[in-house]
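Inspection log for the structure reproduced underneath, given as structure tokens.
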Amino acid sequence: VGMKLKDAISAGITLGVAFTGMSMLIGFMSDAIGPAAKAMLTHTGINLPIVDGGWTTLSAIAWSWPYAFLMFPLMIGLNILMLIINKTKTFNADLWNVWGKIFTGVAVAAVSKPYFGTAASIALAFIVAGIQIIFELKMADQYRIEKLSGIPGVTCTHKMGFTSIFMFPIDCILKKIPALNKRFDAAALKDKIGIFAESHVLGFILGIIFGILARYSVAATLTLGIQASCALTLFPVISKYFMMALEPISSAISAFMNKKFDDRTLVVGLDWPFMGGANEIWLAVFWAIPVTLVFSMFLPGNEILPFAGIVNNAIAVAAFLVTGGNIIRMLILVTLFAPAYLWVGTIMAPFISDLARSTGAVALKAGELISCSSIDGPIQTYAFSHVFKIMDGNFLPLVLCVIFVVCFIALYK
């Protein structure tokens with residue numbers, strides 16, 4: 001897009017460093033918190049038979065679908081078409097998360113095959129995935145994240161944001177409560193409680209709490225406190241590399257695309273980690289861990305044991321987007337919507353496990369079930385993929401599709 005070669009190489013490598021650094025940190029935090037979460041549940045003696053394989057399990061299954069590669073031209077083609085007909089302002093550069101569209105397609109094909117046969121179910125898979133792609137672009141148009149991220153010309157095209165669409169009407173109600181309609185982001189929290197809102201201190205306190213709940217030894221509890229402190233301290237540091245990489249890339253892409261579409265300013269759609277410097281997201285992530293664990297023990301209909309997906313970025317990012325970083329409203333929304341992730345993870349376990357066996361993507365024992373406790377955009381994923389269950393008299397997915405569209409229109413307007 002017209003960048004000088006040395007600038008392009010430098011920005012590209014820096015962006016790779018930023019994504020890799022963020023992935024390493026999230027993995028580090030998951031490896032530290034996951035065993036503690038499992039220990040908490042182990043001490044309760046509750047039996048939850050579905051294994052939580054996290055998003056990597058879903059990705060492996062999605063990529064093992066024989067038609068997965070066809071999702072690339074569909075995603076790129078629809079984006080270009082919508083730019084040409086002036087129905088979006090977003091240029092989606094997040095090709096990595098094409099697997100999210102593939103997973104929706106795989107789910108649609110699996111659910112619809114008994115009703116329509118193999119060929120028709122595959123066609124329906126791409127039709128529904130195409131609809132998801134369009135909604136992702138329109139959602140990205142609505143969520144202009146420059147103010148929240150501090151990076152100009154960027155937005156988020158990740159399907160995890162779909163949960164915010166269902167959160168939107170509830171957040172509108174919460175905003176009518178005077179105490180909840182004031183600025184209360186991480187900076188405001190720091191003003192109120194001082195050093196206890198500093199990333200390193202807050203992370204240490206949260207780690208200590210998790211260690212105590214997991215009945216760790218004193219040494220292991222203190223270690224977990226330092227690990228949580230390290231993660232929360234370094235997230236904003238890594239996010240600065242996103243800014244260093246994306247500012248020149250965003251400017252170059254905007255300049256290039258604006259020559260092609262001189263009647264409007266385009267923004268670049270990216271994966272969510274560029275927002276990872278927001279402490280509000282990580283506070284919500286930490287809050288979601290005990291909330292999810294408590295729900296998993298007592299929620300009727302849940303059979304999934306939260307483990308690999310216990311660090312639920314998806315629910316935190318959705319709450320961040322819809323509230324603009326108001327921590328109190330974020331925590332309320334996270335609490336209200338945590339059950340959706342467990343329910344959908346449970347509902348989708350049989351078909352996910354069957355696909356894992358049939359494709360060989362994941363090795364499972366006979367009768368073993370696997371799923372994910374933090375499926376991106378769980379309500380939308382369930383609604384879009386199971387809408388054909390109306391053939392069996394199940395109208396819930398169709399009702400959720402209608403609610404999704406109505407809430408999306410309200411949010412967009």
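None of these values were measured; they are calculated from a predicted model.
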Side chains of D52 and S373: do they bring a donor and an acceptor to under 3.5 Å? yes
Look at the rings of F135 and F408 and say which category their plane angle falls in: under 30° parallel, 30 to 60° tilted, over 60° perpendicular. perpendicular
Distance alone, cut at 3.5 Å: any donor-acceptor contact between the side chains of Q132 and T104? yes
Quick check: do F210 and Y216 have side-chain heavy atoms less than 4.5 Å from each other? no
Counting C-beta onward and ignoring hydrogens, is there a side-chain heavy-atom pair between W287 and L283 closer than 4.5 Å? no
Would you check if T292 and I315 make a side-chain contact, meaning some heavy-atom pair closer than 4.5 Å? no
Would you confirm whether the ring centroid of F404 sits within less than 6.0 angstrom of the ring centroid of F384? yes
For the ring pair W65 and F126, is the centre-to-centre distance below 6.0 Å? yes
Please work out whether the ring planes of W99 and F103 are parallel, tilted or perpendicular, with thresholds of 30° and 60°. perpendicular
Heavy-atom side-chain proximity of D392 to Y115 below 4.5 angstrom: yes
Any sub-3.5 Å donor-acceptor pair from K138's side-chain atoms to K87's backbone N or O? yes
Please answer whether the main-chain N or O of I370 pairs with a side-chain N or O of S353 as donor and acceptor at a distance below 3.5 Å. yes
Take a 6.0 Å sphere around OH of Y412 and say whether it holds more than 12 heavy atoms from other residues, nucleotides or ligands. yes
Verify whether one side chain among N79 and N92 offers a donor that lies under 3.5 Å from an acceptor in the other. no
Please check this pair: side chain of S385 against backbone of V108, looking for a donor-acceptor N/O pair closer than 3.5 Å. no
